[in-house]
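Read the numbers this way: they start at 1 and go in the same order the structure lists the ligands and their atoms.
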Amino acid sequence: MTPPRTGPTPAATAAPAFPADFLWGAATAAYQIEGAVDVDGRTPSIWDTFSRTPGRTAGGDTGDRATEHYHRYRQDVRLMSELGLGAYRFSVSWPRVQPTGRGPAVERGLDFYRRLVDELLEHGIEPAVTLYHWDLPQDLEDIGGWPNRNTAERFADYATLVAEALGDRVGIWTTLNEPWCSAFLGYGSGVHAPGRADWTAALRAAHHLNLGHGRAVEALRAALPRQARIAVSLNLHEVRPLTGSAADREAARRIDAVGNRVFTGPMLDGEYPADLLLDTARLVDWGELIHEGDLATIARPIDVLGVNYYNPTVASALPEGPAPGAATASDAGHGDGAQSPFAGCADVLFHRAPGPRTEMGWPIDPTGLTDLLLRLHREHPGLPLMVTENGAAFDDRVTPEGAVHDPQRIDYLRGHLDAVRGAIAAGVDVRGYFLWSLMDNFEWAYGYGKRFGLYYVDYDTQARTAKDSARWYAEVIRRNALPDPGA
Ligand code: IFM
C-alpha cells in the first residue's frame with residue numbers, strides 16, 4: 001500500500017541536484033479530500049450546494065465522502081512520511097471553522113487542524129496552510145459572495161481566527177488558492193461554484209478577492225510570529241499567441257490581462273494594468289469598485305509567490321470564417337458550452353497544441369513552466385517563488401497484482417521538475433515544489449473520474465495504493481535530484 005523506500009543510493013546521477021534547502025511537498029484541498037461535511041459544526045459551503053445541484057458535476061459527484069481524510073488523516077500523514085515529504089500543503093475549510101462566515105470560531109472545527117498539524121510535526125513534515133481553496137460558506141454567498149465587498153472583510157476575520165489557532169506551529173501561510181478560478185470560473189463561466197455566469201460579477205469578485213488577500217495579509221502579519229512566510233498561490237496562464245500576427249498577439253495580451261495581471265498587477269505592483277481597465281471598462285465601473293486605500297492594502301508585501309502550473313495556453317484572434325481545430329474561450333479547458341471565463345474575450349480562440357495530453361485533455365509542455373518562472377523573475381526580481389501545484393491526471397488502473405503503473409505521470413513530473421531546475425539554473429529563486437496531488441480526490445466539476453494522486457484511492461473501500469510515481473517521487477526527494485531515466 002505504501003511505497004517502500006528504495007535501496008542504497010546509486011552512484012551520483014548526471015542530473016544536477018536541486019538547492020540543498022529546496023522544499024519538497026505535496027498538496028491537497030479541504031473539500032477535495034476531507035469528507036465529513038456535516039460533522040463538528042461544519043455547515044455547507046458553495047461547493048456543497050453546487051455539487052448537490054443536478055447537472056453541475058460529472059455523475060452528480062459530491063465531496064460528501066471524498067477520501068475521508070477527516071477521519072483518516074493519521075494514515076495519510078504516514079503516507080506522506082513514507083514519501084519523505086518536507087512539507088504538506090493543505091487548506092482549511094472556512095465553514096468548518098466559522099460556519100456562517102462571521103463570528104467566533106467553532107473550536108471542534110479548529111481542533112481537526114490542530115490534530116493534523118501536530119501529526120505532521122511529529123513526522124517532521126512542515127505544515128503549509130492555505131486559507132481559501134474555494135469553499136466559501138454558503139451563508140456568505142447568500143448575501144452576495146465575492147462580488148460583495150463585505151466578503152473581503154469577513155475573510156480577514158477568518159484569517160485571524162486560523163492564525164491565532166495554528167500560528168505557533170505553522171510557518172507557511174497562503175491566503176488564496178487560484179483566485180482566478182474563484183472569480184472567473186465561479187462567477188464568469190459558472191462551471192465552478194457558485195455557478196453564476198456574469199462577467200461583471202466575475203470582475204467584482206476578482207477585485208474583492210484581491211482585497212481579501214490584502215486584508216488577510218494584514219491580519220496574518222498582526223497575528224503570526226515575525227518569521228512566518230506569507231504567500232498567495234496564483235494559477236498563472238502562460239499565454240502564447242498562435243502566430244506572430246498583430247491580431248494574435250493582441251488576443252494573447254487580452255488573455256494575459258484578465259488571466260494573470262488582474263491579480264499580479266495590484267498584488268505585486270500596486271495597480272491594475274491600464275490595458276485591463278480599458279478592455280473591461282464596459283463591463284465594470286472600476287472607479288466605483290476600487291475604494292481609496294484598496295490598492296495599498298492589496299499590495300501588502302508577501303514573502304513568496306506560489307505558482308500553480310499545468311499547461312500553456314495558445315490564443316488567437318477570431319479569424320474570418322470557421323477556424324478548424326480551434327475552440328472559443330468557453331472551451332479553454334474548463335468545460336464546453338459555458339460562457340468564457342475570460343471576461344470580455346469571447347472572440348478569442350484557444351488552440352490545442354499537438355502532442356501528448358493528460359486525461360484532462362491538457363497539453364503536456366514543461367517549457368511553459370520554465371517560461372513562466374523566467375517571466376516572473378524578470379518582472380518581479382527579488383520575489384522568491386514556489387511551485388505550489390503541478391501534476392497530471394491519467395487513467396490509472398490497479399493491476400490484479402495490486403500495482404498502479406503510471407509511466408506517463410512520471411514522464412510528466414520529470415519534465416516539469418527539469419523545467420524548474422532549468423529555471424533555477426538560469427537564476428530564478430524557486431524555493432520548493434508541491435506536487436498536485438498527494439492522493440486521488442474530488443476533481444471539482446469533473447467529480448472522481450480524474451485521478452491526480454500519487455496514491456490511488458479506491459472510493460468504495462477507501463484503500464490507498466502507491467502508484468509507481470509515488471516511489472519515483474520518493475526517490476527524487478531522497479536524492480534531491482532527478483533519477484536517471486530508467487533508474
Ligand atoms: O484539483 C485542482 C486544484 O484544486 C486546483 N488547481 C488545479 C487542480 C487540478 O485541476
Side-chain angles (χ1 to χ4, degrees), residues 25-35 45-48 50-51 57-58 61-63 66-67 69 88-94 128-136 174-186 189 191-193 209 231-238 259-260 263 305-313 331-335 341 357-364 368-369 372 386-396 406 408-409 412-413 416 433-457 459 469:
T28 62
Y31 190 70
Q32 294 181 273
I33 63 166
E34 284 181 1
S45 73
I46 54 175
W47 267 98
D48 296 80
F50 184 80
S51 62
T57 64
D61 288 350
T62 71
T67 68
H69 174 74
Y88 172 54
R89 175 175 178 250
F90 61 95
S91 78
V92 171
S93 163
W94 189 347
V129 162
T130 298
L131 289 169
Y132 187 73
H133 197 126
W134 308 354
D135 45 358
L136 185 72
T174 298
T175 55
L176 305 172
N177 182 71
E178 302 184 354
W180 184 86
C181 296
S182 300
F184 295 104
L185 301 183
S189 68
V191 300
H192 276 193
L209 282 152
V232 64
S233 287
L234 302 179
N235 58 319
L236 296 168
H237 300 75
E238 168 57 23
N260 299 326
F263 298 108
L305 177 64
V307 179
N308 294 1
Y309 171 86
Y310 290 87
N311 57 272
T313 301
D331 184 40
H334 300 289
R357 308 252 176 85
T358 70
E359 189 66 13
M360 299 293 283
W362 298 346
I364 300 175
L369 180 53
L372 183 57
M386 186 108 86
V387 177
T388 42
E389 281 186 31
N390 176 242
F394 290 106
D395 183 18
D396 303 316
D406 57 344
Q408 293 164 292
R409 183 172 289 102
Y412 179 98
L413 295 173
H416 287 77
Y433 176 91
F434 289 78
L435 193 152
W436 186 270
S437 179
L438 175 69
M439 59 185 142
D440 296 339
N441 57 50
F442 175 73
E443 178 52 24
W444 308 110
Y446 294 92
Y448 292 97
K450 308 293 182 201
R451 295 179 175 273
F452 278 88
L454 289 171
Y455 287 88
Y456 182 97
V457 177
Y459 292 112
S469 56

So which heavy atom in the protein is nearest atom 8 (C) of ligand 1, and how far is it from that ligand atom?
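Here the nearest protein heavy atom works out to Y310 OH, 3.5 Å.
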
If you count the atoms of ligand 1 from 1 in the order shown, which ones are under 4.0 Å from a heavy atom of [X]?
X: W362; value: 10 (O)
X: F452; value: 9 (C), 10 (O)
X: Q32; value: 1 (O), 3 (C), 4 (O)

I'd like to check whether E178 has a polar contact with ligand 1, where a contact means an N/O of the residue lying under 3.5 Å from an N/O of the ligand.
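So ligand 1 has an N or O lying under 3.5 Å from an N or O of E178.
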
Nitrogen or oxygen atoms of E389 and ligand 1 under 3.5 Å apart
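Yes, since at least one N or O of E389 sits under 3.5 Å from an N or O of ligand 1.
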
Y31 side chain to S51 side chain, donor-acceptor N/O pair below 3.5 angstrom:
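Note: Y31 and S51 side chains meet the donor-acceptor criterion.
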
We want to know whether Y455 and T67 form a side-chain donor-acceptor pair, criterion being a heavy-atom distance below 3.5 angstrom.
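Side-chain D/A pair, Y455 to T67: absent.
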
Yes or no: does [X] have any heavy atom under 4.0 Å from an atom of ligand 1?
X: W444; result: yes
X: H133; result: yes
X: Y309; result: no

In terms of side-chain geometry, is the basic nitrogen of E389 or R89 positioned less than 4.0 Å from the acidic oxygen of its partner?
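Salt bridge present between E389 and R89.
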
Gap separating the CZ atom of R409 from the CZ atom of F394, nearest 0.5 angstrom:
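Answer rounded to 0.5 Å: 6.5 Å.
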
Backbone of [Y] reached by a side-chain donor or acceptor of [X] within 3.5 Å:
X: N260; Y: H237; result: yes
X: S45; Y: W47; result: yes
X: T130; Y: Y132; result: no

Quick one: which of L438, V129, I33 gives a side chain to side chain contact (heavy atoms under 4.5 Å, CB included) with F90?
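Of L438, V129, I33, side chain to side chain contact (heavy atoms under 4.5 Å, CB included) with F90 is met by V129 alone.
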
Taking 4.0 Å as the limit for heavy-atom contacts, which would you say applies to Y31 with ligand 1: side chain only, backbone only, both, or neither?
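No part of Y31 comes within reach of ligand 1.
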
Counting only heavy atoms, which portion of E443 has something under 4.0 Å from ligand 1: side chain, backbone, both, or neither?
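The answer is the side chain of E443.
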
